[in-house]
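No hydrogens, no waters, no symmetry mates; every other heavy atom, side chains included, goes into these values.
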Number of protein chains: 2
Amino acid sequence: MRIGELSERTDTPRRLLRYYEEQGLIVSERCTNGYRSYSEATVDRVLQVRGLLDAGLPTRIIKQILPCLDKPRAIHFPDATPEMIATLERERDRMTARIDCLARNRDAVADYLDAVISLRDSGAGGSSSDLGGQGELRERIDERS
Amino acid sequence: MRIGELSERTDTPRRLLRYYEEQGLIVSERCTNGYRSYSEATVDRVLQVRGLLDAGLPTRIIKQILPCLDKPRAIHFPDATPEMIATLERERDRMTARIDCLARNRDAVADYLDAVISLRDSGAGGSSSDLGGQGELRERIDERS
DNA sequence: AGCTTCCCTCACATCGGTGTGACGGTTCGA
DNA sequence: TCGAACCGTCACACCGATGTGAGGGAAGCT
């Protein structure tokens, strides 16, 4: 498939597809005219890349973890140098930290929404003040990195 | 506490603390000389902000969800306009998507690491090829946004 | 042939988070 | 009283992800 179709199917500007390729996140072949040609699998790859980018990982890191993600999860581990392993372990832990932070805060937002919605549905209209209501709000302390 | 201490305790450049304040993510009082003065709670707030920033949320969004996160989780819902609620719901869902994407990929990295390490420990030294080994690698397909 | 639509490369612009330094005031200990 | 260490504002610079457009081929329709 050419870049236009890939762009549509992934909802990603062509500009960015070329950029991702330049950063080594996706690959393409070239037709006899210079057009880029992508395999079907690139669609998922692009979606994956964009998800990670959106989750705050820089292209540099994404590029490093991509080899872990290759489709048939074959047993072709590259050289797997100790530094490479250390890097992956570090990134795995950073991802875990991100997940925890996001989850905590998402839960807080969700709780807030649940409370405000049940409040609204049960009649009470106004804004601030009032203590000693019937809706119990559990504590939620967050910190992190 | 003044900005220097906050900076040390949160491992955050003063520059950024001022920036976060400018973006409305933290607040400060001012001493009689113009020095900023922070409450103890600001330490956690800064950590929280940095965690979210690191997880890919822009300050604009963080600012919007912060009211949901206030410490005693009091019942002082502000006006809570419908648009505000809609925004929060959207962000909650985006955070969930991020979490899922990160978790999937983190698990893939973790599996890869487990495999490569157990392989190394069980003797086999080399690089690529070989199919039909004893370490079963489960499939792992990811996509997303 | 001409027109439209796709593709190419190149390059400059923007935006958000961050680094850095200039320049000046305050606090405090030697 | 001097100097070090702290604070303030302002402003320019950087980097990574992204937008945008210029200038030019290639493919396909009519």
Side-chain angles (χ1 to χ4, degrees), chain A residues 1-39 42-43 45-66 91 94 98 101-102 144-145, chain B residues 1-39 42-43 45-66 91 94 98 101-102 144-145:
Chain A
M1 111 194 50
R2 282 173 305 171
I3 202 172
E5 184 182 345
L6 183 60
S7 169
E8 262 187 25
R9 289 176 58 184
T10 59
D11 196 35
T12 303
R14 291 146 220 254
R15 169 72 174 87
L16 289 188
L17 295 175
R18 301 196 186 99
Y19 175 67
Y20 298 154
E21 178 173 340
E22 184 182 298
Q23 303 302 307
L25 306 183
I26 58 177
V27 292
S28 70
E29 267 129 42
R30 295 295 183 134
C31 304
T32 54
N33 52 354
Y35 292 11
R36 267 165 262 255
S37 175
Y38 299 98
S39 79
T42 313
V43 174
R45 168 64 50 113
V46 169
L47 262 1
Q48 191 172 32
V49 163
R50 286 182 72 80
L52 290 170
L53 238 16
D54 183 59
L57 277 72
T59 55
R60 201 184 77 248
I61 299 299
I62 297 177
K63 179 175 176 169
Q64 291 187 298
I65 69 176
L66 276 182
E91 286 311 316
R94 281 176 59 80
R98 262 182 251 255
C101 176
L102 276 172
R144 197 10 30 37
S145 167
Chain B
M1 108 193 54
R2 282 172 304 169
I3 204 174
E5 183 180 346
L6 183 60
S7 169
E8 263 187 24
R9 289 175 58 184
T10 59
D11 195 35
T12 303
R14 293 146 218 256
R15 169 74 174 86
L16 289 188
L17 295 174
R18 300 196 186 100
Y19 175 67
Y20 298 154
E21 178 173 340
E22 184 181 300
Q23 302 303 306
L25 305 183
I26 60 178
V27 292
S28 71
E29 267 129 42
R30 294 296 183 134
C31 304
T32 54
N33 52 356
Y35 291 12
R36 267 167 263 254
S37 175
Y38 299 98
S39 80
T42 313
V43 174
R45 168 63 50 112
V46 170
L47 263 2
Q48 191 172 32
V49 164
R50 287 182 71 80
L52 290 170
L53 237 18
D54 184 59
L57 277 71
T59 55
R60 200 185 76 249
I61 299 299
I62 297 178
K63 179 175 176 171
Q64 291 188 299
I65 69 175
L66 275 181
E91 287 310 317
R94 282 177 59 81
R98 261 181 253 255
C101 176
L102 276 172
R144 197 17 13 47
S145 161

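- Taking 4.0 angstrom as the limit, B/Tyr20 places a side-chain polar atom (N or O) nearer than this to OP1 or OP2 of C/dT18.
- When the P atom of D/dA5 is taken as reference, atom CD of B/Glu5 falls 18 Å away, rounded to whole Å.
- Here the C1' atom of nucleotide D/dA17 and the NZ atom of A/Lys63 are 17 Å apart, to the nearest Å.
- Within the structure, every pair that satisfies the salt bridge (Lys or Arg N to Asp or Glu O under 4.0 Å) test and touches residues 7-22 of chain B, not counting sequence neighbours, is listed here: B/Glu5-B/Arg9, B/Arg9-B/Glu40, B/Glu21-B/Arg36.
- Checking C/dC8, D/dG8, C/dC7 against the side-chain heavy atoms of B/Arg18 singles out D/dG8 as nearest.
- For C/dG16, neither phosphate oxygen OP1 nor OP2 lies less than 4.0 angstrom from any side-chain nitrogen or oxygen of B/Arg60.
- If B/Glu8 and B/Arg36 are placed on DNA chain D by their nearest nucleotide, the residue sitting closer to the 5' end is B/Glu8.
- OP1 or OP2 of D/dA17 has at least one side-chain nitrogen or oxygen of A/Thr59 nearer than 4.0 Å.
- Taking atom CD of A/Glu22 as the reference point, atom P of D/dA17 lies 11 Å away to the nearest angstrom.
- A side-chain donor-acceptor contact under 3.5 Å links B/Ser7 to the backbone of B/Thr12.
- Shortest non-hydrogen contact noted between A/Leu66 and A/Leu25 is CD1-O, 3.4 Å.
- Side chains of A/Val46 and A/Tyr38 form no contact here, defined as non-hydrogen atoms less than 4.5 Å apart.
- In this structure, B/Arg94 and A/Asp54 have side chains that are in contact, with non-hydrogen atoms separated by less than 4.5 Å.
- Under a cut-off of 6.0 angstrom, the local environment of CZ in B/Arg60 is sparse, with at most 12 non-hydrogen atoms contributed by other residues, nucleotides or ligands.
- Proximity of A/Leu57 to A/Ile65: side-chain heavy atoms (C-beta onward) are separated by under 4.5 Å at one or more points.
- Rounded to whole Å, atom P of D/dC7 lies 17 Å from atom CD of B/Glu29.
- Atom CD1 of B/Ile61 and atom P of C/dG16 are 12 Å apart (whole Å).
- Listed nucleotides: D/dC7, C/dC8, D/dT18. Nearest to the side chain of A/Leu53: D/dT18.
- Spacing between atom CD of B/Gln23 and atom C1' of C/dC15 amounts to 12 Å, rounded to whole angstrom units.
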**Complete:** Reading nucleotides 19-30 of chain C from 5' to 3' and marking B where a protein heavy atom lies under 4.0 Å of the base, S where only the sugar-phosphate is that close, and - otherwise, the string is BB----BBS---
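- Atom pair A/Arg30:CZ and D/dG25:P shows a separation of 17 Å (rounding to whole Å applied).
- For A/Leu25 and D/dA17, the CG to P distance is 8 Å, given to the nearest whole Å.
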